[in-house]
Asks: 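One structure follows; several queries about it will come next.
Side chains are part of it too, since the values below use all heavy atoms of this structure and drop only hydrogens, waters and symmetry mates.
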Amino acid sequence: MGQAPPRTRDLARRLIAHELSENKSSETKNPAPFLVDQKLRALLVTLMGSVGFQALLSRALALTNAEGPWLRAVTLKADGSFERLDELGEDQIFEGGVVLLTHLLGLLVAFIGEDLTLRLVGEIWPELSPDLDKGSRT
Amino acid sequence: MRSQAERPAKVAIRKLPTGVRGLDDILGGGVPELSFNIIAGSPGSGKTTMAHQVVFANATVQKPALFFTVLGEPAIKMLRYQQLYSFFDETKLGKEIRFSNLSDVVLNHSLDTVFDEITKQVTAVNPGIVVVDSFRTVVRKVVTSTSEVEMQSFIQRLALFLASWEATTFLVGEYSPEEIRDNPLFTIADGLFWLSQNVERNSVVRKLQILKVRGQESVPGLHTIRITGAGLQAFSRTLGFVRKTPPRTRAKRKRLSMGIPDWDTMMGGGVYEGDSLLIAGPSGTGKTALATQFIAAGLRRGEPGIMAIFEERPKGYTDRADSFGLNLKEPLAQGKLEILYLRPLDLSVDETMQEILDAVDRIGAKRLVIDSLVSLEMALAPGFREDFRESLYRLIVALTGAGVTIVSTVEVEDTFTGYSFSHYTISFLTDDIIRLRYVEIDSQLRKMIAVIKMRGGNHSKDIREYVITDKGVVVIRPHTTEYVRLTTGIPERTGPRPAQVEESPPEPRATR
């Protein structure tokens, strides 16, 4: 799989933007892209187990690293969380996080199709559900 | 003693649809609600697809379905492939159908924790349907790490809990028939669906058997199943139905014209409605022409008809009928006639029968032609040929019981030592038999027709000559007695040579 299509990247950006607006006042230390990853993780683990999710995320990380240097220092733990994220700069984390999320969503689209991917995303962010469908098909 | 009216009502067990075409009939109406069922069988036999069909057919927002995946195929992979089936409705995912992966719990925790996790999710979701796929992987771990008693206890607790929470349960697993006797799971189960997949010569044959279903009468035996884009389809050994039409008494039945007045006369006024008639004869004697005239006669009277053909393509039939002056194209376009061209490889006999039954139901057919039984048998996968006679019997009984009149053709080889009616010994399946044969007269192969059998009716005992005109129309000659031993194929003339109307030959007739 090469670069994810622009609309998958657009979907990733919209999810991140939504998380940013939701967490403006919160004190979470996790950058927005990784908050999205975390929320996706909760659902995907119920569908494929933690081992399955870890495998999918490791593939998304490899694709991200093939595309740019942002997250090359980062390693993935067995539970699907990241190590050495705190060593990176804010921009690096954000840009890398967008690409990682794009590839994760791209893998899901390749695996179960766009319809079901949007449906799963809509389960996590029901408030975005109508826009997701509209946006992805334009 | 209390009378029937005073007795408290018996429990009413609702039957859930399976979503698998044909399976509800086999089960005796559907799956009993709140039952604890096993879907077992070999890999690739369709277990998971069947479970999905049940789930999609029953899940609602109020009573969702909870699908636990264990080791084996994770839900994400199921979604990838199952969405390709037409029964898959993605709008049901989430609220009506929920997937949950139990792999981590099974791998890392005790049996009690597995039970706790299931009860926790069932309590939270309140499902109407629960599936565990594959339950075998749960049990395998148990067998290796705990005692058999503990395993029995686990299954018992699970069954009781799920029934108490008003869930109908399906445990999916790869089991072999040898395990049935010793595995307590099969004792506890209320329903046991056994799927198998066998290779017979070059064909794959899938079968389903309902080994057990408590409280209701299922159709015993092995039923053919097929996996198509619509999911699993089951073909009941009873062909899915016992026709509702009450059996007709012969006295009330009317006679139908065969489309040739002299033929009707020979049969005592035509064929009885709802009879099965066999036209047997060697190649080239005009079996298809006779069958086509039977269908055309029905269409003229407004009786829809089906022609199930296995050799020639439909266009060949309609073109030839055109040349007879029988217009089949118009009723075909109007939906009063269907020509089923059935010739795929690996055809199962039950599928063939189901296709015919569906077509009969679709257009309300009164007349059916099967042309021919020999080619029908050849179109079947080798493994099904053994069942040919039995299945044909079921088809004929089902359709004639509903008042459909069937004409089948069968090719028999003429010998000069015998007078057989069919290679298949299927004449017992038919009410009426027409035999066509060649006889040698004056150095010509001429054609003879005789009515061998008319169940419940008198018929002509004559052996009559017939010709097929260059337009394909069968003309039966007046009865003559100038020959004896016609059935041998080499008759002797006993009187003066009768005047004969010549068939138009491609070359002048030989002279002495």
Asks: Where does A:L108 contact chain B at under 4.5 Å (heavy atoms): side chain, backbone, both or neither?
Replies: side chain

Asks: What heavy-atom pair brings B:D104 and A:S50 nearest, and what distance separates the two atoms?
Replies: OD2-OG, 2.8 Å

Asks: Tell me the residues of residues 74-101 of chain B whose non-hydrogen atoms fall below 4.5 Å from those of chain A, in number order.
Replies: B:P74, B:A75, B:I76, B:K77, B:L79, B:R80, B:Q83, B:F88, B:E90, B:T91, B:L93, B:G94, B:F99, B:S100, B:N101

Asks: Measure A:L44 against the heavy atoms of chain B and call it side chain, backbone, both or neither at under 4.5 Å.
Replies: side chain

Asks: What do you reckon, is NZ of B:K120 surrounded by more than 12 foreign heavy atoms closer than 6.0 Å?
Replies: no

Asks: Between A:I112, A:L56, A:L47, which residue shows the highest count of heavy-atom pairs closer than 4.5 Å to chain B?
Replies: A:L47

Asks: Does A:E90 CD have over 12 foreign heavy atoms under 6.0 Å away?
Replies: no

